[in-house]
Every structure is written in C-alpha cells, then in structure tokens.
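Beneath this line is the structure, given in structure tokens, with notes to follow.
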4 protein chains.
Amino acid sequence: MFELDVRSRKPIYEQLVDKLKELIISEVLKQDEQLPSVRSLAQQITVNPNTIQKAYRELENQGYIYSVKGRGSFVSPTSPKQNTEKIMKMKNELLKILSEALYLGISADEIIQLIKEAETTVRGGNENDSLT
Amino acid sequence: MFELDVRSRKPIYEQLVDKLKELIISEVLKQDEQLPSVRSLAQQITVNPNTIQKAYRELENQGYIYSVKGRGSFVSPTSPKQNTEKIMKMKNELLKILSEALYLGISADEIIQLIKEAETTVRGGNENDSLT
Amino acid sequence: MFELDVRSRKPIYEQLVDKLKELIISEVLKQDEQLPSVRSLAQQITVNPNTIQKAYRELENQGYIYSVKGRGSFVSPTSPKQNTEKIMKMKNELLKILSEALYLGISADEIIQLIKEAETTVRGGNENDSLT
Amino acid sequence: MFELDVRSRKPIYEQLVDKLKELIISEVLKQDEQLPSVRSLAQQITVNPNTIQKAYRELENQGYIYSVKGRGSFVSPTSPKQNTEKIMKMKNELLKILSEALYLGISADEIIQLIKEAETTVRGGNENDSLT
DNA sequence: GTGGTCTAGACCACA
DNA sequence: GTGGTCTAGACCACT
C-alpha cells in the first residue's frame, strides 16, 4: 500500500505526507476515519516511528488530520479551500515545466496529447465514481 | 533583477538555476551571450562566489550554458538535433506532472490555458511582437 | 586504499571519482552497498569533506551512486533497462577515442588485447574465478 | 585550417599543441620547416598572441619544435620515441573507458565493430599514403 | 550520526 | 580579468 522510495532524494516523511494526502483527497481515507497508529504503521512499512510521527504532525499542521490524545489520529472534515494553495503551487510548477518543454521544441499539440494520456491514467482508477 | 529568498527552503543555488533557466528559455539571454562573471554576480546579489559557481556548474551539466576558463560563461546554442533523448525524458516528466495536476482537480482546459501562457513567454519576445 | 596525488594536475575530486568508479565497475563495491560517509572518508584520506561531497555529487550525476539525506550514500543498482541512451552516448565516445588511438598508431589487435584486459577487471572478480 | 573549439573545456593552447603535433607527426609540417610566426598565427585564427606563445613554448619543451631568436620557430627532426609517452597515456585511458563500456553491457564484439568503423574513418583520409 | 548548503578566503590555470 | 579547486568551519534537515 505504501510504496516508499528510500533512494529518492525526497525525505521519507515527506513521501509519507504526500501519500497520505493523496489518500485523503481521493477519499480512500474518509472524513473522521482513524489513521493507523504511529507504531503499527511504523512496523508495517518498517520505518522509524519518529518518521511517522513527523509526517502526522506535518499533516496536522496542514489541517488534513487531527489528533486526539489517547485515541489516535483522524481525517479532518475536508475543506475544499485547503487545496487552493497547493493548486497555485502546482500551476506555477506547470508553467515552468511547460515553458521548458516548449523551449525544447515539444509542440502544444504534443503536450495536449500527453494530457489525454494522463487523463486515462488518472480517471482509469475511479471511473465509476459517479455511479455510486 | 535577481530576487532571492534566503529564507526559502529551496537552496540559493537552485533558485539561481531556475531564474537563469527562465532567462535563457525566454531568450532574454541569447545564444552565446556572456553571463555575468561568477565574481561580479556574487557581488551584485551579495552571495558567496562559490554559490554562483555551483549554480553555473549545474546549468552546465543540464546543457544550458558552457564555461571557458579565463573567458567566462556563455549561453549554449540550442542544438535542435541530438535532443531526442532529452525530449523523451521531458515527455516522461510531463506525463508525471500532468497526472498530478489532473489528480489535484486542475482541468485539461486550465492546463491548455497555461500552455498558452508559457508560449507567450517562450516565443513572445521575438516573433509576433510587431503585430500588437 | 585511496592513493591520491595532490600534486597532479587532475583535481582531487576527479581522482576520487575515477577511483570510486573503478571500485564500482569491478564490483568491489556491490549494488546498494554503503559508501564511506563523507566525513569519515574525508578524515581517512585527510581531505576536506567538501571535496568528498563534490566527488560523490559527481558520481550521483553520472548515475553510479545515490545519496539519501540522513542515511548515507549507496551504490546504484545497475538498471539494464533505461540505459539505451547511456549506451548510445558511450558508443559515440568510444568511436571518438578509438579513432584517436588508431590515429596514434595503436593497432586494432592491441586494442582487442586491451578489451580482454578490461574484461578480466569487470568480470574477473566473480565468475570464472573458481577455475584457476 | 586550425579549427578551435572555444566551447571546449580543453584550453585553447592545448588544442593548438595537439593540432600542431598532429601536423608534425603526419608530416604536413616537415622537418626544419618554419612555423607561422606567433603574431601572424594569432591574427589568422583570432586568438591572443600570448596563447600562441604558450603553445609554442610547450611544443619546444616537448621537443617537437625549436626556436631561433630573431628568426622564428621550426619543426624538430622527428624522433619517433617521443610518442611512446603519449601512447602509454592513451592505452591507460582506453583501458578505463573500455571497462566502463563493458560495465554498461556493451559486448566485446560490438566494440570490435566500432574499431572497424573508426578504422575506415581514420584510414579514409590518407589512404593513398603508401603510394607517394 | 548522515548528507547538503553556505561563507570567507586562498591559490591555480588560462586569456 | 576569467573559471576552477580546495580548505576550514558553520549551520540545517533528516534518521
């Protein structure tokens, strides 16, 4: 479930944060659902509990989860506004990389083609969503 | 001209790399044009010369500039040939980031809009200028 | 183990890169094996840690090792896939240097002899060892 | 005649030394023939006279040419031994790069193929040599 | 403890 | 003047 890349330059706790964010955004982890405990998750993916701790704290700071002393950590009620900040970042990053791509001679049409490819990948995983 | 954020988590030299890349891509810095010397730029933005070197070195590795001992650093000519491998890499990277963007809820239309923005950055400075 | 020539015109960090490359190619350093830490190696061969870093960084750029913050530096797994581009580059480089060699009057037979030598270096440590 | 690559990391004076050595070895410049004067050559290839000076001095040190005050520089009588040192270097370099190539999975046969390619290139330029 | 960034200041090679 | 290497020593982020 949690595939971590220890070789990546991105710190493990950040990878965890990203993974968990994805799960929350995609509502695999639903509102107020309990997250695995620090220790159990640490054991499951063989990672230092401190690292999990750090990831959870980060998620709490960013408002994705909340912790209750003695009970555990839970998914926050989703407030769609939280993502605006992330979307802004992503758009900036996109603009940068799109410029690089165009500079390299990749045409707008080719990029649009890639968007279509990406769409099938992303939508493929939850295509029947609207039917539930 | 070079606004650096020393507080940022992104290292100074990386910020420099990004800034300079932009300038090269947008052709503010033209082919074979000389970049500011390591020392002069260091003084201008009050940063250690080693940091500038590191940025220049990185840009050289990425093929954006070339440096000649005793003469200076210059913008690489864009060689439209040979770049097929680079283009392949870029397409893979694009596919990844486009998926992320779609996943975040950015629509294909929005991305196409961003492509148009990027196009004006890359081509805007030289071609259809006279029509405005 | 690491004999450096501080008087050489070749920079220390480059000598290090070459030495380490050899060790990796000859599989003295095996896949995913941890390299000596920047600081320990620096102390061992009495060279500034920054110089070791530079060497490690270069090796990382060339794909021979990978470094993880807080954990250490490790030998990259040889990924037989994906390397087609690298192989293309190498073939071009080979063609260039082989031409130079022939031009200098080194005969094809002599080069083939060198290939055999190189083969024992690369494969010698593990395979037909038991037959001697 | 003298094609210099200002973008190369190899210093211009070294490129000059190599070029002139080639011309001497291939006897395009014959024994005791006069070399172009520092100034005229500098002008011809638009390079700083100091750089030419340095190249000539280097060639004199290596025994390829000799200079006579007030008259100019001349090609030394060829002593074939001079190249042994260079050939040794080349063989070492070859051994290194051949190991890298094998490590990357390029087979000995493929390299031999490349040798043949290189041979046609090198011999092609002066194939009628033996007939003169 | 690990790698990574940065500074200040020195020295070298090259044009 | 240019780029390039190296040192000594500091601080940060991550495990």
Side-chain angles (χ1 to χ4, degrees), chain A residues 4 6 8-16 42 46-55 58, chain B residues 4 6-16 34-43 46-60 65-74, chain C residues 4 6-16 34-43 46-60 65-74, chain D residues 4 6 8-16 42 46-55 58:
Chain A
L4 296 177
V6 288
S8 164
R9 302 188 64 88
K10 188 186 280 188
I12 288 176
Y13 90 95
E14 251 180 65
Q15 293 183 44
L16 267 171
T46 54
V47 146
N48 192 306
N50 289 330
T51 309
I52 311 283
Q53 209 35 296
K54 190 161 191 179
E58 180 69 17
Chain B
L4 295 178
V6 285
R7 286 181 217 141
S8 164
R9 314 232 334 148
K10 188 186 279 186
I12 294 176
Y13 86 94
E14 259 181 54
Q15 294 181 46
L16 269 169
Q34 184 161 9
L35 296 166
S37 83
V38 170
R39 287 166 174 82
S40 69
L41 184 54
Q43 201 169 18
T46 55
V47 143
N48 189 289
N50 286 328
T51 307
I52 310 285
Q53 270 250 27
K54 199 167 184 178
Y56 278 19
R57 178 75 159 228
E58 179 67 19
L59 285 166
E60 194 173 2
I65 71 172
Y66 63 91
S67 297
V68 188
K69 231 192 249 183
R71 294 207 35 234
S73 300
F74 307 84
Chain C
L4 295 178
V6 285
R7 286 180 217 142
S8 165
R9 313 231 335 147
K10 188 186 281 185
I12 293 176
Y13 86 95
E14 259 181 54
Q15 294 181 44
L16 269 170
Q34 184 162 9
L35 296 167
S37 84
V38 170
R39 288 166 174 82
S40 69
L41 185 53
Q43 201 170 16
T46 55
V47 143
N48 190 290
N50 285 329
T51 307
I52 309 285
Q53 270 250 26
K54 198 167 185 177
Y56 277 19
R57 178 75 160 229
E58 179 69 19
L59 284 167
E60 194 172 2
I65 70 173
Y66 63 91
S67 298
V68 187
K69 232 193 248 182
R71 295 209 30 235
S73 300
F74 306 84
Chain D
L4 295 177
V6 288
S8 163
R9 301 190 65 88
K10 189 187 278 189
I12 290 177
Y13 90 95
E14 249 179 68
Q15 293 183 45
L16 267 172
T46 55
V47 146
N48 191 307
N50 289 331
T51 308
I52 311 283
Q53 207 40 293
K54 189 158 191 179
E58 180 68 18

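Proteins get letters first, then strands, A, B, ... in listed order; numbering begins at 1 in each.
For the pair B:Ser73 and C:Arg71, both in contact range of DNA chain F, the more 5′-proximal nearest nucleotide belongs to B:Ser73. Mapping B:Ser40 and A:Thr51 onto DNA chain F by nearest heavy atom places B:Ser40 at the nucleotide closer to the 5' end. Nearest-nucleotide positions on DNA chain E place C:Val68 closer to the 5' end than the other of C:Val68 and B:Pro49. Residue-to-nucleotide proximity on DNA chain E shows that, of B:Arg39 and C:Gln34, the 5′-proximal contact is made by C:Gln34.
Summarising the geometry of B:Ala42 relative to B:Asn48, their closest heavy-atom pair is CB-C, 4.1 Å, with the distance given to 0.1 Å. Closest heavy-atom contact between B:Ser73 and B:Ser67: OG-OG, 3.0 Å. In this structure, B:Gln15 and B:Ser8 approach most closely via the heavy-atom pair NE2-CB, 3.6 Å.
Between C:Arg9 and C:Glu14 there is no salt bridge, since none of the side-chain N atoms of the basic residue sits less than 4.0 Å from a carboxylate O of the acidic one.
Consecutive Watson-Crick or G-U pairing (both distances under 3.5 Å) extending over three or more pairs maps onto DNA chain F as E:1-14 with F:1-14.
A 4.0 Å heavy-atom criterion places the boundary nucleotides of DNA chain F facing chain A at F:dC14 to F:dT15, written 5' to 3'.
Distance check, rounded to the nearest 0.5 Å: CG of C:Leu41 to CG of C:Leu16 gives 6.5 Å.
Every side-chain hydrogen bond (donor to acceptor under 3.5 Å, both in side chains) that C:Arg57 has, sequence neighbours left out, goes to B:Tyr13.
The shortest side-chain heavy-atom distance between B:Phe74 and B:Leu35 does not fall under the 4.5 Å cut-off. Inter-residue side-chain proximity for C:Pro36 and C:Tyr56 is flagged as met; some heavy-atom pair is nearer than 4.5 Å.
Using a 4.0 Å heavy-atom criterion, one finds that A:Tyr13 contacts the sugar-phosphate atoms exclusively.
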